[in-house]
Amino acid sequence: MKYDFKQIEPKWQKKWEEDNAFCAEDHSSKPKYYTLVEFPYPSGAGMHVGHIKAYSGLEVVSRKRRMQGYNVLFPIGFDAYGLPTENYAIKTGMHPRAVTDKNIEKFTSQLKRVGFSFYWSRVVDTTEEDYYRWTQWIFLKMFEKGLVFRDTALVNYCPSCKVVLSNEDSQGGKCDICHSDIVQKSKAVWYLRITEYADKLLEGLEEVDYLPNVKQQQVNWIGKSTGAFVNFSIKELDEKLRIYTTRPDTLFGVTFMVIAPEHPIIEANRDKIKNIDALDAYREECAKKTEFERTQLVKDKTGVRIEGLTAINPVSGKEIPIYISDYVMMGYGTGAIMAVPAHDERDYAFAKKFGIDIVEVIKGGDISKEAYAGDGEMVNSDFLNGYTNKKDSIARMIEYLSEKGIGEMGVQYKMKDWAFNRQRYWGEPIPIVHCPACGIVPVPYNELPLKLPTVQHFEPGEGGESPLAKIDEFVNCKCPKCGGAAKRETDTMPQWAGSSWYFLRYIDPHNTEVFADREKLNYWLPVDWYNGGMEHVTRHMIYSRFWHKFLYDLGEVPVAEPYAKRTAQGLILGPDGEKMSKSKGNVVDPNDVVDVFGADVLRTYVLFMGDYGSAAPWNESSMKGCKRFLERFADLFDLVKGEGVTPKLESAIHKTVKKVSLDIEELKFNTAIASMMGLLNEIYDVGSITKDELTVLVRLLSPFAPHLCEELWEMLGGEGLCSLAAWPEWDEAKTVDSTVEVAVQINGKVRATVELPVNCPAADAIATAKANEKIIPLIEGKTVVKEISIPNKIINIVVK
RNA sequence: GCGGGUAUGGCGGAAUUGGCAGACGCGCUAGAUUCAGGUUCUAGUGGGGGCAACUUCGUGGAGGUUCAAGUCCUCUUACCCGCACCA
């Protein structure tokens, strides 16, 4: 058969659409299977081949599941709110709505050309009123339950994007969107109390099937640590200075304290501090530094002693100095630490620089040279002396602290509450009203959606205020509570809001009464398999698990964890081995590949190029191998003869069906395709195949190259669509050969191979080996020390 | 610094989990077909030695366990990813 992809690909895509072939039924007697891929952000650049790889994995799984008789939901949508679109709109003068529509159209046409079996009737777009109405609804529910709060705090602020960023969006001190240095700024911020769900997010990981590194990254991100809070008395004040420590058992080694430059105790006691000018100077210096600079100066410790305030070690009663230093962060723990220079590297460096006493409380190191962080016997510690086990000494100290009312056990998380507002236009309006009389008032549920006004100018304000603040008809409103004049919140939600629950909307995308019908949620949840990029493991994944768990606690969804299984694909690198990017000019457009090679070749190649979870460079000449494979596969049609196949080939077919079936489940697409290539070579060696056997192979290949396989299926007289035909079964008995070739080693080196019946008894196997003409001279005249026969694998004869 | 990972031909990568290293594909070499080719076909292709059957070395490096190690153990080097003054 001539492989004319330009003719057959549009033909079958049209047919699938006409037949509604990939429809997911809400009420079906078939078992359900929900496969989810991360919906794209529709950027102006269009899709690149990385998107194709990201979707091809579960595309194959979804197609296989349908053929196995499952009712499959494999949806797609668009995560369309966000800064790149808005920035592009500002630059070009187009409205973000128009830009978004145009980009979605482009993405849709690209996806359709590849022949993905998405169920297109359930597309969601996070920027549509019908969708963000429910994003706002969930926000209001969180508000109602006390999970939304407003605080004025130091926030990460990007001076270039003019926007407040969450902790997650400012990793490494750089803006996640434009990569400028971020600065700390004091601002009124809306927070979602995600820390309240820290333990649930952690515990939930035990019941899900995520890749180990995905789990690990989430555990690290949540960053739970247990220790103790301890209150230190200040000689000159009535108030206490509260610290957090993971090693309360080293309290006898505390020789000074350090607080963050922003710690409120300074402002509160300016009159008692003798060197307030020096402190102010230092604090001003710190404020000027970006977070990035601050974390760069790891080696060189700076700080100023607070003159006029003296702390008292609560267990030894000794007076100790207090310093301010920027190595203590206001954002973690209590913003104050007890310093144990003998057993903490940072405290050690600080103590050395400022000439502070270093008291050893754990034996095992040499504290004249460096801090010792290891385990050992407790010394200089009164009632803890002689303890050698860290766990016991900590427990004993916490017990003591509780008895005396000095402190108590405590837990801390690295994860911080989620800063949830952005001073930009292209996002969901936050449904809150500020009333001079009533304060903060939520927009009533029946007024949702609170629509984003259509305006011509949406540049951010110079002072960092939202573009919406300039729109009087939006801002001015009546208080829903008292009816008086009030003003709307003008900030919008961050990009991560819409994507935090989109998998729920796919279940019932056109519902106007609720975000999704409960019966349908019961049927479809949880997502059986979610695949996406590693870059979303600590943001989108954590956020959406948080929202889902919140909805679960509300009783709105039937399961506690949204995703039963999570895997990740590796990047496609440019032909130069570098990460694909517009600026490097190494981006490959899937449309170009489809034009020249066809969708089936593209699909096969992105899965064949290497391990699915690892990064691999794009290599066009390597793709030719896939092209040849599909062409030669198409030509099998001309080899069809009625005569039956040899037992050897029949066995090879059963082995291949088994291998492909199992490999798909483990995302080992490269070896699945390799085994089909190997089988193809065998068939060509034989020179013929029967029609029945070919229909098996066509079905086996169809998840990878569905257009070609539909065409062959039709030519072979198959019933209905190949995409919905039964997945081929293998006969285990036929995957086992009657004889095997076994290698014969002498002293561990292969010297011959012998043909043996399967599961040949060891004695017979060794006898056969010893009778082999190549082996005889090698053992003649020597003493046989040991004979090993591993059935069906190897024979090793040890001689001296 | 902490956490996770990787290292196999000229290249992408296989290896049933301790059992013939290099499947499959690219590339390369030689030959055939073709006016031509980003065509197709045949044979070969880890390094060294040999006309050859064969032989020897070989999975980042150094040791070790074992009849047998890419795979297990100890040490070590390089690179990648995530977090990072987290108390």
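Here is the naming used below: chain letters follow the sequence lines, and residue numbers restart at 1 for every chain. Note that the coordinates shown come from a computational prediction; the quantities given were computed from them, not determined experimentally.
- Distances shown here put every side-chain N or O of Lys627(A) at or beyond 4.0 Å from the OP1 or OP2 atom of U39(B).
- Contact check, Tyr332(A) against A87(B): a side-chain N or O comes under 4.0 Å of OP1 or OP2.
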- Query: If the sugar-phosphate is the primed atoms plus P, OP1 and OP2 and the base is the rest, what is the B/S/- string for nucleotides 1-10 of chain B, using protein heavy atoms under 4.0 Å?
  - Reply: --SS------

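- In this entry C20(B) has no Watson-Crick or G-U wobble partner, no candidate having both defining distances under 3.5 Å.
- The CZ-P distance, from Phe669(A) to G13(B), rounds to 16 Å in whole Å.
- Among the nucleotides A68(B), C20(B), G25(B), the one closest to the side chain of Phe608(A) is G25(B).
- Listed nucleotides C20(B), C24(B), C26(B) differ in distance to Lys624(A); the shortest reach to its side chain belongs to C26(B).
- Across all strands shown, G82(B) pairs with C2(B); the Watson-Crick or G-U wobble distances both stay below 3.5 Å.
- Remark: C75(B) base-pairs with G61(B); criterion is Watson-Crick or G-U wobble with both hydrogen-bond distances under 3.5 Å.
- Nucleotide A14(B) forms a pair with no other nucleotide shown, judged by Watson-Crick or G-U wobble geometry with both contacts under 3.5 Å.
- The listed nucleotides are A14(B), C54(B), A23(B); the one nearest the side chain of Ala674(A) is A23(B).
- Summarising the base pairing, U42(B) is matched to A30(B) through a Watson-Crick or G-U wobble pair whose two defining distances lie under 3.5 Å.
- In terms of phosphate contacts, Asn792(A) brings no side-chain nitrogen or oxygen within less than 4.0 Å of OP1 or OP2 of U16(B).
- Here Asp249(A) pairs with Arg247(A) under the salt bridge (Lys or Arg N to Asp or Glu O under 4.0 Å) rule; sequence neighbours left out.
- Taking every side-chain heavy atom of Ser621(A) into account, G27(B) is the closest of C20(B), G12(B), G27(B).
- Between Arg632(A) and the phosphate of U40(B), there is no side-chain N or O to OP1/OP2 separation shorter than 4.0 Å.
- When the side-chain nitrogen and oxygen atoms of Lys786(A) are compared with OP1 and OP2 of C67(B), one or more of them lie within a distance under 4.0 Å.
- Counting heavy atoms of neighbouring residues, nucleotides and ligands inside a 6.0 Å radius, atom CE of Met409(A) does not exceed 12 of them.
- With G12(B), U39(B), C67(B) as the choices, the nucleotide that has an atom nearest any side-chain atom of Ala616(A) turns out to be G12(B).
- No engagement by Glu787(A) is indicated, since no non-hydrogen atom pair under 4.0 Å with the nucleic acid exists.
- Salt-bridge annotation for Lys2(A) and Asp638(A): absent, with no side-chain N of the basic residue lying under 4.0 Å from a carboxylate O of the acidic one.
- Atom CG of Asn681(A) and atom C1' of C41(B) are 13 Å apart (whole Å).
- Listed nucleotides: G19(B), G25(B), A87(B). Nearest to the side chain of Met677(A): G25(B).
- For the OP1/OP2 pair of A15(B) and a distance below 4.0 Å, the side-chain nitrogens and oxygens of Lys668(A) include at least one atom meeting the criterion.
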Identify all pairs in which a protein N or O lies below 3.5 Å from an N or O of nucleotides 55-58 of chain B, and state each distance.
unit_1	atom_1	unit_2	atom_2	d
U55(B)	OP1	Arg751(A)	NH1	3.3
U56(B)	OP2	Arg751(A)	NH1	3.3
C57(B)	OP2	Lys749(A)	NZ	3.2

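- Of the candidate nucleotides C67(B), G38(B), C85(B), C67(B) has the atom nearest to the side chain of Ile788(A).
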